[in-house]
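Before any comments, here is the structure.
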Amino acid sequence: MIEIEIDLDREPTAAGTRAAPGPWVTARRLRTGALAVSLALLLAAGGSAPPGPPPLTELTTLTVAPDQGFLLTADRVFVGAERTAGSGRSISAHEPGRGRLLWTSEYDRDPGAGGLVEQVGDGLLVRTMEDDVPHTTAVDARTGAVRWSVAGSVEALADGRTGLLQEHIFSPDAGPVDPGSRSPSSGYWRSSSGLTYVAPPIGLVLHAIDLDTGRPLWDSVPVADGVSVRRWSGVPVEDVPLVVTTLDGRVQRWDVRTGGPRHSLPAVGTEQPAVVVVGDLLALQRADAAELSAYDIDTFARRWQRDLGSPELSVGDCGGRLCVGNGLGWRLLDPVTGADAAEIDHRTAWVVTGDHRVEMRSDEGGLIRTVDPVSGRTLADLTGWTTITTALPGAPMLLTRELSIIGPTWFGLLAPDATEVHLLGLVPYRATGCQLAADLIACKDRSDSVRLWRYRR
């Protein structure tokens, strides 16, 4: 979930909406019993503006355990359930419209915290911590049956079939450290087994598993720290790139189902290169060199090469665009030629979610706008909106604006490539951690409750 929470000194104006939240709207006027009157006043302020969007319809409220999360899909709401005496952690599945309970599944008896991660195909991935060691459990989304459980944090790759785990490896000289002897100011590294080491890892080992069965697919030899995985949606498995840097400095693309190398770039020098994957480009900067090369991610054919002018500049991913810079500033690069395309304001930052590229203020907080990922031109003004939610490729994202720490909250919807925010309406609660699926919205309120709404465009 991507969530940006800020405090603004003024009330927001949602771009492209004639009935947007205005500076004269106060939390006092928008108490639960006065919502209808406030909305009428707000619409009247728009003069001859047409009637606002239909009101949101609240469907149901579900209770979620304090240390658990929830997950909304188009036809299910999965909630981390309360524990009874002597029981472990549980998930309950509900029908969104009436909140009807479909099933409850106990997946672990450890008292530690856990949470729903995502739905992959017809399975749910659940992340838990047991004795400071992460574990991942797969639960059948239809029945609640536990399919498998492994130690480690499983990342679901974009093919929907393969999961990847990373296990750090340490020098034998580092040795595990007695937790009682650590000081808060010391730097230590925790391994996937829960042991703490005094030295940083010298590399990592990759483990791939089948997400349906939990069956191991392959284990890698030790590789360097740099691993870059491009996450797509709904593409064939052979088109999911897994790019790794070997300990001797080679850059390779591996097959995610077999672990076998498909393409390789030779090592240059004794230090590890910097590797960034953005779009269909693999950018590679050799250590202590001011030279940057870009390769086609599918073929490893070189697209272009350029001199950066200084080895102090580094390559990066600036919101889905290739960029170079340092602490003093960054420049976007043309993906076709590698030439400088535009300066990046150091006071701003970028988030990419689904097909949306969002610019926000990094110094004082606040959403600014969405932009076209190719041309960089402004699409929609987001001034006044405070939170965005994760969006799927091709799907809209939800924006929220809280008028006070207790609510109410405005909801807005922004479709990909849209130039205006569609105002959905107002709810009399402080809505946080919101999720959007199909025509459903789910958010947590100030209590341990998940509220669901259905909206109409």
Side-chain angles (χ1 to χ4, degrees), residues 1-27 29-30 35 38-39 42-43 45-46 49 52-53 55-56 319-320 345 347-373 377-392 395-437 440-445 451 453 455 457:
M1 169 77 54
I2 299 174
E3 189 166 297
I4 301 95
E5 304 253 358
I6 62 171
D7 293 323
L8 297 179
D9 294 330
R10 63 184 186 278
E11 299 297 334
T13 301
T17 58
R18 300 182 183 178
W24 54 272
V25 181
T26 67
R29 288 175 177 165
L30 295 173
L35 288 179
S38 298
L39 283 171
L42 189 62
L43 290 173
L56 295 157
D345 190 334
R347 297 168 299 178
T348 65
W350 295 89
V351 169
V352 176
T353 175
D355 295 331
H356 306 268
R357 186 167 182 258
V358 183
E359 184 182 16
M360 66 195 68
R361 294 182 179 88
S362 57
D363 51 357
E364 60 188 42
L367 303 180
I368 300 175
R369 58 176 181 152
T370 57
V371 302
D372 183 275
R377 66 181 177 87
T378 298
L379 292 175
D381 183 3
L382 302 185
T383 302
W385 296 98
T386 56
T387 303
I388 58 175
T389 58
T390 302
L392 297 174
M397 68 176 177
L398 179 72
L399 299 96
T400 65
R401 165 48 166 137
E402 302 165 16
L403 298 186
S404 77
I405 61 173
I406 61 173
T409 303
W410 284 98
F411 286 156
L413 199 68
L414 187 65
D417 300 327
T419 58
E420 296 181 347
V421 176
H422 178 74
L423 192 65
L424 293 179
L426 188 73
V427 298
Y429 317 103
R430 181 174 186 253
T432 63
C434 297
Q435 300 178 27
L436 177 72
L440 299 171
I441 297 171
C443 307
K444 290 193 71 173
D445 61 17
R451 295 182 179 272
W453 295 269
Y455 69 87
R457 291 293 303 266

Considering all heavy atoms, the nearest M397-H356 contact: N-NE2, 3.6 Å

Nearest heavy atoms of D355 and P416, plus distance in Å: CB-CB, 4.1 Å

Results of side-chain contact (heavy atoms from CB on, under 4.5 Å) for A395 - residues two or more places apart only: L392

Test item: T389 side-chain N/O and Q435 main-chain N/O as donor-acceptor pair under 3.5 Å: no

Partner set under salt bridge (Lys or Arg N to Asp or Glu O under 4.0 Å) for D445, not counting sequence neighbours: R451

Gap between atom CG of L382 and atom CZ of R369 - 0.5 Å precision: 10.0 Å

Closest non-hydrogen atom pair between L56 and G425, with its separation: CD1-C, 4.3 Å

Residue of the set T400, L398, V358, T370 for which side-chain contact (heavy atoms from CB on, under 4.5 Å) holds with I388: V358

R430 to I405 - nearest heavy-atom pair and separation: CD-O, 2.6 Å

side-chain contact (heavy atoms from CB on, under 4.5 Å) involving A418 - partner list, sequence neighbours excluded: L414, A415

Sequence-distant partners of D372, side-chain contact (heavy atoms from CB on, under 4.5 Å), two or more places apart: V374, S375, R377, L379

T409 side-chain N/O to E402 backbone N/O, donor-acceptor pair under 3.5 Å: no

W453: ring pair (Phe, Tyr, Trp, His ring centres under 6.0 Å) partners, not counting sequence neighbours: F411

Side-chain donor/acceptor of R357 to backbone N/O of G319, under 3.5 Å: yes

Any residue meeting side-chain contact (heavy atoms from CB on, under 4.5 Å) with I368, in chain and number order, not counting sequence neighbours: T348, E359, R361

Euclidean distance, L424 CG relative to L436 CG, rounded to 0.5 Å: 8.5 Å

Point-to-point distance, once rounded to the nearest 0.5 Å, from OH of Y455 to CG of L440: 8.5 Å

